[in-house]
There are 2 protein chains.
Amino acid sequence: MASTFAVLADPHRREILDVLRAGERPVNDLVDWLALTQPAVSKHLRVLREAGLVEVRRDAQRRLYRLRAEPLAEVDAWLAPYRRMWERSLDALEERLDGMDG
Amino acid sequence: MASTFAVLADPHRREILDVLRAGERPVNDLVDWLALTQPAVSKHLRVLREAGLVEVRRDAQRRLYRLRAEPLAEVDAWLAPYRRMWERSLDALEERLDGMDG
DNA sequence: CGGCAATATAGCCATAGGAGCATATAACCT
DNA sequence: AGGTTATATGCTCCTATGGCTATATTGCCG
């Protein structure tokens, strides 16, 4: 199964997650939102589902997809040790700017 | 140019970054660390460099690669709105566990 | 039951990308 | 200059993947 990182590599998939942040949506809503054919969207949803990033619920003929953020914690955890590094760089930049004509 | 997300999709590249967290390293060190040929490593380093995730410094025949964490801030920013979501889920789980036989 | 709506799956094509081998480049040393 | 070390680049191969069209599936409604 693809890693969460690999799943997030595709911009369309990130966009799907962004849309689902507002609440569950049927496939067709997502098709309208992204400029993609319905099968393409379904394929992305399958990848997201297999990665545990979305869940499905049936509503008559429709399938309502909902966000599952938990796997993103893994990404956040990987990122954690780096956070202090770019924060340090930004602080330094800020200090330089403060010193400039203050 | 590939997005930071796409660059991070490859496990070897994440591993390189993890190694570089400890400080700058010549290519050969990375070759020893990952089980890859030198050209493969150089290729990954090129991708990382073009994404701004590493910098190079010459030291005689060697090239010392150093981490640049700044582009990771973009990933962190994308992640931010999701963070509260999985934290909420984990809190709920914790509460259920606390309630279980307490 | 027949037909429509919503979604999933299959098959196909084109492209990207990661890996390896061979080779170019560059700097050191003698 | 010639050899050796360290790294980059070019080329090729293979696989993975994203997109599309066509079709299967499932459930609704008349």
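Hydrogens, waters and symmetry mates play no part in the numbers below; they use all other heavy atoms, side chains included. Letters A, B, ... mirror the listed sequences (proteins, then strands); counts begin at 1.
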For the pair made of [atom1] in [X] and [atom2] in [N], what is the distance, rounded to whole Å?
X: Q38(A); N: dG18(D); atom1: CD; atom2: P; value: 17 Å
X: L45(B); N: dT7(D); atom1: CG; atom2: C1'; value: 10 Å
X: R57(A); N: dG27(D); atom1: CZ; atom2: C1'; value: 16 Å
X: L64(A); N: dT26(D); atom1: CG; atom2: P; value: 18 Å
X: L8(A); N: dG18(D); atom1: CG; atom2: P; value: 12 Å
X: R63(A); N: dT26(D); atom1: CZ; atom2: P; value: 9 Å
X: D32(B); N: dT7(D); atom1: CG; atom2: C1'; value: 14 Å

Tell me, do [X] and [Y] make a side-chain contact under 4.5 Å, heavy atoms counted?
X: Y65(A); Y: L48(A); value: no
X: V75(A); Y: W78(B); value: no
X: V41(B); Y: T37(B); value: no

Donor-acceptor pair, distance only, cut-off 3.5 Å: does the side chain of Y82(B) make one with the backbone of D18(A)?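 Yes; at least one donor-acceptor contact below 3.5 Å.
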Flag, side chain of R62(A) to backbone of P26(A), donor-acceptor distance under 3.5 Å: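 Side chain of R62(A) to backbone of P26(A): no pair is present.
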Of T4(B), L20(B), L45(B), L67(B), which meets side chain to side chain contact (heavy atoms under 4.5 Å, CB included) against L53(B)?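 That would be T4(B); it is the only one of T4(B), L20(B), L45(B), L67(B) passing the side chain to side chain contact (heavy atoms under 4.5 Å, CB included) with L53(B).
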Is it true that E55(B) and R49(B) have a side-chain N and a carboxylate O under 4.0 angstrom from each other?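 Looking at E55(B) and R49(B), the cut-off is not met.
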Any salt bridge between R83(A) and D76(A), counting N to O under 4.0 Å?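 Yes, charged N to carboxylate O under 4.0 Å.
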Within 45 degrees of the ring normal and closer than 6.0 Å to the centroid, is that where the cationic atom of R14(A) sits relative to F5(B)?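 Satisfied, under 6.0 Å and within 45°.
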Side-chain N or O of [X] versus OP1/OP2 of [N]: is the shortest distance under 4.0 Å?
X: R46(B); N: dT9(D); result: yes
X: Y65(B); N: dA8(D); result: yes
X: N28(B); N: dT7(D); result: yes

Earliest and latest nucleotide of DNA chain C, 5' to 3', sitting under 4.0 Å from a non-hydrogen atom of chain B?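 Listing 5' to 3', DNA chain C meets chain B from dG18(C) to dC28(C).
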Shortest non-hydrogen contact from L36(B) toward H44(B):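 Distance-wise, the nearest heavy atoms are CD1-CD2, 4.0 Å.
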Of all the nucleotides listed (dT21(D), dT7(D), dG19(D)), which has the minimum atom distance to the side chain of H44(A)?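 Between dT21(D), dT7(D), dG19(D), the one nearest the side chain of H44(A) would be dG19(D).
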On DNA chain D, compare the nucleotides closest to R58(A) and D10(A); which residue's is nearer the 5' end?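 Comparing both residues, the 5'-ward one is D10(A).
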Hey, which of these two, A6(A) or Q61(A), hits DNA chain D nearer its 5' end, going by closest nucleotide?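 Its nearest nucleotide lies further toward 5', so the answer is A6(A).
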For P26(B), answer base if it contacts any base atom (sugar-phosphate contacts may also be present), sugar-phosphate if it contacts only those atoms, and nothing otherwise; contact means non-hydrogen atoms under 4.0 Å.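 Touches sugar-phosphate only.
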R13(B) near the nucleic acid: base, sugar-phosphate alone, or nothing, with a heavy-atom cut-off under 4.0 Å?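 The answer is sugar-phosphate, as R13(B) gets under 4.0 Å only of primed atoms, P, OP1 or OP2.
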Estimate the overall bend of the helix from dC1(C)-dG30(D) to dT30(C)-dA1(D) from the end axes over five pairs each, rounded to 10 degrees.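 The helix from dC1(C)-dG30(D) to dT30(C)-dA1(D) shows an end-to-end axis angle of 10°.
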